[in-house]
Amino acid sequence: MALINITLPDGTVNEYAAGITCSEVITDVLGRKNGCLAALVDGHERDMSYEIHDSCQIEGIKAESDAGMHILRHSAAHLLAQAVMAIYPDAKPTIGPAIDRGFYYDFAMETITESDLKPIQKKMQEIARKNLTVERVELDDGELREHFAANPYKIEIIDDKIGEGTGSTIYKQGEWYDLCLGPHVQNTAKLMFCKLTSVSSAYWRGDQDREQLVRIYGIVEPTKEALKQTLHRMEEAKKRDHRKLGKDLQLFHIDEEVGQGLILWTPRGAIVRQELQNFIGEHLTRQGYSQVFTPHIGKLDLYRTSGHFPYYQDSQYPPLVEKDLMKKLSDEGCSCSELSNLMKSGEIDGYMLKPMNCPHHVKIYASQARSYRDLPLRLAEFGTVYRWEQSGEISGMTRVRGFTQDDAHLFVTEDQIAEEVLGCIELVQIIFDKLGMTDYRVRVGLRDPDSTKYVGDPKRWDKAEKACRDAAASLGVDWSEEEGEAAFYGPKIDFVVKDVIGREWQLGTVQVDYNLPERFDLTYKGSDGELHRPVMIHRAPFGSMERFCGVLIEHFAGRFPTWLSPTQCHILTISEKHTEYASKVANKLKENGIRVEIDDGDGTIGKKIRTHRKLHPAYMVILGDGEAEGNTVSLRARSGEQVSDIPLDDFITNIVSEINNKSSQPNLV
RNA sequence: GCCAACGUAGCACAGCUGGUAGUGCGUCGGAUUUGUAAUCCGACGGUCGGGGGUUCGAGUCCCUCCGUUGGCUCCA
């Protein structure tokens with residue numbers, strides 16, 4: 001029998017008989033309870049049952065590793081499909097991949113509801129317990145098509161992804177099998193700890209015009225304990241949801257009667273927003289920005305020039321038409337669609353709620369003759385824009401119809417792009433750092449080389465893309481290039497963060513734009529005396545105040561650092577005897593610019609603490625006899641820790657410096 | 001926009017197979033004047049998201065619109 005050499009991760013080389021399986025090697029090296037689900041053979045993921053015939057390197061894939069979890073989840077998706085088929089024989093499985101937090105499987109079947117998940121899950125456990133062997137079977141083309149003859153979706157996949165005559169593999173567990181490349185766990189017993197989490201719908205191949213499928217989501221973990229922990233984490237995450245906290249902490253309100261996706265900033269939330277705006281404001285001055293203000297509407301002509309109307313009509317609020325004109329048209333029996341056509345053709349005019357601030361800023365640039373000495377010209381505005389987002393997409397503060405961008409447009413020469421892009425993303429980084437937001441990714445959006453939708457000279461694109469890439473690289477954080485993610489008018493750099501339920505949101509963005517300067521025929525006079533075209537950079541470090549605050553609420557779980565806390569000190573009195581001292585303390589704090597709330601009503605101190613805790617103030621200031629006599633305060637932190645009898649003046653000095661330094665969390669206790 | 005589930009007092013929730021709405025917190029009033037996660041008593045407060053229908057009778061069944069949630073699609 002032939003012998004082969006197998007190299008282990010630590011460099012050891014073992015000799016085995018050819019034909020040995022991965023499982024046997026790993027068991028030999030790591031023992032029976034090795035916790036591995038599959039193996040990495042010369043860099044390729046293989047099933048445990050994979051037979052090795054040549055010398056190679058091998059490494060076990062542990063269940064806890066990313067690769068291991070992926071296999072576990074993918075296998076669980078198969079198990080789900082098997083269970084669904086057992087209960088709904090007419091269901092047609094389509095695809096069922098592993099995803100970040102678990103897995104899903106899409107079925108063509110009658111719609112089911114959440115309550116139907118229980119029996120399915122039960123069936124899954126039943127099958128898992130049977131400990132069926134998961135077997136890889138290679139089939140030729142004919143066999144493959146025969147196996148899936150009853151399932152047009154699988155046939156479509158075979159048609160598209162697998163060339164004629166090459167055949168492919170299926171994975172079989174018991175009588176059930178699925179088209180799949182694998183690898184998978186060895187047996188269904190590895191999939192005991194699953195939980196189906198939700199049911200929803202999806203379009204076949206993500207195409208709105210094709211069949212709507214039933215999608216079932218689930219999670220799976222290698223152990224019971226891990227599953228319990230994951231479920232617990234999910235529960236905890238829900239408590240941090242900004243929509244819940246926004247209500248509990250009275251930060252914002254969304255009112256049906258005002259409209260979907262239109263945020264009402266209540267006093268406490270408005271403070272957070274204002275503090276953030278002030279924070280950016282300081283940096284704007286430092287970086288040489290000029291503040292501007294522009295109105296919320298503009299003539300349709302403006303957007304015809306910019307190209308936003310009528311091209312983006314579907315994602316805009318309908319235009320506003322002048323009263324007299326509207327009456328005249330209505331008297332003439334003009335229908336809505338005729339009106340719309342007249343607007344599109346430019347025969348009649350109207351106004352539009354601005355869907356972005358750029359055109360207004362462009363007009364400020366164009367209001368004067370510019371020379372190269374004026375550049376870069378940096379115009380900044382907290383500009384509120386309105387977009388008609390699809391009703392199903394609107395969510396809390398993160399996806400809304402009216403929002404305020406911390407916007408700015410930089411008009412620069414070609415040569416200034418790199419430096420200015422860098423300045424922009426540095427600002428984003430300063431902000432993220434200050435707020436302790438470290439869990440973000442940077443995405444450099446480049447053009448799709450195969451597409452023709454991009455405007456502008458490819459050479460200029462190359463240069464701008466390089467500037468973005470270089471800027472991203474200089475950040476010292478992970479970043480990725482993504483082709484096809486550029487806007488049609490230029491490359492961009494996005495800062496993307498996840499919310500508590502794992503959804504990604506684009507916050508800060510920096511975009512290079514060759515298009516608008518062209519469309520508005522912007523120029524500047526160069527040192528050569530000739531007119532040149534400036535380049536625009538769009539930039540919003542927060543993205544929008546709404547989305548950013550939404551994400552920030554979750555980031556801090558409602559426990560804002562002192563400088564951002566809507567109320568920084570909640571003064572609680574022990575009894576009504578202390579009302580006078582409390583108001584003295586409150587006034588002193590207010591004189592120092594500290595935001596104070598006073599509770600000098602009746603009720604026990606325990607009750608007051610309980611009540612005020614829910615608002616997560618930076619500090620609770622407890623005042624009783626001792627404090628009144630000694631002119632001191634006692635503090636209680638969010639953690640429950642407390643310190644007594646701090647001289648009032650010391651407290652003020654400390655908290656003021658804490659606020660001025662924008663310390664990350666209260667630290668005086 | 002599409003699919004599904006859901007929508008009961010300010011908030012969190014209960015109301016089984018249809019018979020004219022309950023609990024807790026909050027609020028208000030009274031008593032209490034209290035040292036660090038809920039002092040006691042009482043009162044007010046919903047017509048059950050809007051509209052329509054079935055029925056002798058609907059929060060409870062049906063239709064429709066609005067909204068919310070989870071996804072899908074979309075995001076200049």
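Labels below follow one simple rule: chain letters A, B, ... track the order of the sequence lines, proteins then strands, and each chain is numbered from 1.
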Checklist entry - Residues two or more places apart in sequence or in another chain: which of them pass salt bridge (charged side-chain N to carboxylate O under 4.0 Å, His left out) with A/E546? => result A/R273

Item to check | Rounded distance (Å) that lies between atom P of B/rC75 and atom NE2 of A/H308 | outcome: 14 Å

Checklist entry - If you look at every strand shown and take non-hydrogen atoms under 4.0 Å, does A/Y489 touch a base, only sugar-phosphate, or nothing? => result sugar-phosphate

Next on the checklist: Looking only at the aromatic ring of each residue, does the gap between the centers of A/F103 and A/Y105 stay below 6.0 angstrom?
Outcome noted: no

Checklist entry - Taking atom C1' in both B/rU47 and B/rG59, what distance in whole Å separates the two? => result 8 Å

Checklist entry - Given that A/G392 and A/T611 both sit by RNA chain B, which one's nearest nucleotide is further toward the 5' end? => result A/G392

Next on the checklist: Would you measure the distance from the P atom in B/rU8 across to the matching atom in B/rG15 and give it in whole Å?
Outcome noted: 13 Å

Item to check | Residue pairs involving residues 621-641 of chain A (criterion salt bridge (Lys or Arg N to Asp or Glu O under 4.0 Å); sequence neighbours excluded) | outcome: A/K577-A/D625

Item to check | A/F488 CZ to B/rC75 C1', straight-line distance once rounded to whole Å | outcome: 14 Å

Item to check | Interatomic distance at C1', B/rC56 relative to B/rG19, whole Å | outcome: 10 Å

Next on the checklist: So, OP1 or OP2 of B/rG1: does either fall under 4.0 Å of a side-chain N or O from A/S391?
Outcome noted: yes

Item to check | Qualifying residues under ring pair (Phe, Tyr, Trp, His ring centres under 6.0 Å), relative to A/Y311, sequence neighbours excluded | outcome: none

Next on the checklist: What I want to check is whether the side chains of A/R519 and A/S306 have a donor and an acceptor closer together than 3.5 Å.
Outcome noted: no

Checklist entry - Excluding sequence neighbours, so at least two apart, what forms side-chain contact (heavy atoms from CB on, under 4.5 Å) with A/V292? => result A/H361, A/I364, A/L379, A/E381

Checklist outcome for this item: Pairing string of RNA chain B (Watson-Crick or G-U wobble, both atom distances under 3.5 Å; | = paired to other strand) is (((((((..((((........)))).(((((.......))))).....(((((.......))))))))))))....

Next on the checklist: Which residues in residues 209-216 of chain A have a heavy atom closer than 4.0 Å to any atom of RNA chain B?
Outcome noted: A/Q212, A/R215

Checklist entry - What is the nucleic acid contact for A/S315, judged by heavy atoms within less than 4.0 Å: base, sugar-phosphate only, or nothing? => result base

Checklist outcome for this item: Taking for A/Y217 and for A/I112 the nucleotide of RNA chain B with the nearest heavy atom, the one nearer the 5' end belongs to A/I112

Checklist entry - Side chain of A/R399, base of B/rC75: donor and acceptor closer than 3.5 Å? => result yes

Checklist entry - Just by distance, with hydrogens left out, do A/T294 and A/K354 show a side-chain donor and acceptor under 3.5 Å apart? => result yes

Checklist entry - Heavy atoms under 4.0 Å, any strand shown: does A/S198 hit a base, just sugar-phosphate, or nothing? => result sugar-phosphate

Checklist entry - If you look at every strand shown and take non-hydrogen atoms under 4.0 Å, does A/E641 touch a base, only sugar-phosphate, or nothing? => result nothing

Item to check | Rounded C1' spacing from B/rU55 to B/rA14 in Å | outcome: 26 Å

Checklist entry - Rounding to a whole Å, what distance do you find between A/R401:CZ and B/rC66:P? => result 11 Å

Checklist entry - Could a donor-acceptor pair under 3.5 angstrom be found where the side chain of A/Y203 meets the base of B/rC3? => result no

Next on the checklist: Does the protein touch nucleotides 34-49 of chain B at the base, only the backbone, or not at all? Give it as B, S and - per nucleotide, heavy atoms under 4.0 Å.
Outcome noted: BBBBBS----------

Checklist entry - Counting any heavy atom closer than 4.0 Å, what does A/R387 reach on the DNA or RNA strands: base, sugar-phosphate only, or nothing? => result base

Next on the checklist: Can you measure A/Q390 atom CD to B/rG67 atom C1' for me and round it to whole angstrom units?
Outcome noted: 17 Å

Item to check | Residue that, paired with A/E114, satisfies side-chain contact (heavy atoms from CB on, under 4.5 Å) out of A/V199, A/L196, A/T197 | outcome: A/V199

Item to check | Partner residues of A/R460 under the salt bridge (charged side-chain N to carboxylate O under 4.0 Å, His left out) criterion, sequence neighbours left out | outcome: A/E414

Next on the checklist: Rounding to an integer number of Å, can you tell me how far A/K239 NZ sits from B/rA12 P?
Outcome noted: 16 Å

Checklist entry - Between atom CG in A/D248 and atom P in B/rA12, what is the gap in whole Å? => result 8 Å

Checklist entry - Considering only the P atoms, how many Å lie between B/rC62 and B/rA5, rounded to the nearest integer? => result 11 Å

Next on the checklist: Between B/rC48 and B/rA9, how many Å separate the two C1' atoms, rounded to a whole number?
Outcome noted: 10 Å

Checklist entry - Just by distance, with hydrogens left out, do A/E518 and A/Y489 show a side-chain donor and acceptor under 3.5 Å apart? => result no

Checklist entry - Which residues satisfy the ring pair (Phe, Tyr, Trp, His ring centres under 6.0 Å) test with A/Y104, sequence neighbours excluded? => result A/Y217

If you look only at distance, which donor and acceptor atoms sit under 3.5 Å apart when one is on a side chain in residues 597-605 of chain A and the other is two or more places apart or in another chain?
residue : atom : partner : partner atom : Å
A/D599  : OD1  : A/G601  : N            : 3.2
A/D599  : OD2  : A/H612  : NE2          : 2.7
A/T604  : OG1  : A/K607  : N            : 3.1

Next on the checklist: It should be established whether A/K247 places a side-chain nitrogen or oxygen under 4.0 Å from OP1 or OP2 of nucleotide B/rA12.
Outcome noted: yes

Checklist entry - Is A/Q260 touching bases, backbone alone, or none of the nucleic acid, heavy atoms closer than 4.0 Å? => result sugar-phosphate

Item to check | A/K498: side-chain contact (heavy atoms from CB on, under 4.5 Å) partners, not counting sequence neighbours | outcome: A/D100, A/E504

Checklist entry - Expressed as a whole number of Å, how far does the P atom of B/rG22 sit from that of B/rU64? => result 33 Å

Checklist outcome for this item: note: A/I394, atom CD1; B/rG71, atom P; distance rounded to Å ~ 16 Å

Checklist entry - Can you name the residues that form a ring pair (Phe, Tyr, Trp, His ring centres under 6.0 Å) with A/Y454, not counting sequence neighbours? => result A/W461

Checklist entry - Distance between the C1' atoms of B/rG57 and B/rC41, in whole angstroms? => result 39 Å

Next on the checklist: Expressed as a whole number of angstroms, how long is the span from A/H538:NE2 to B/rC75:P?
Outcome noted: 17 Å

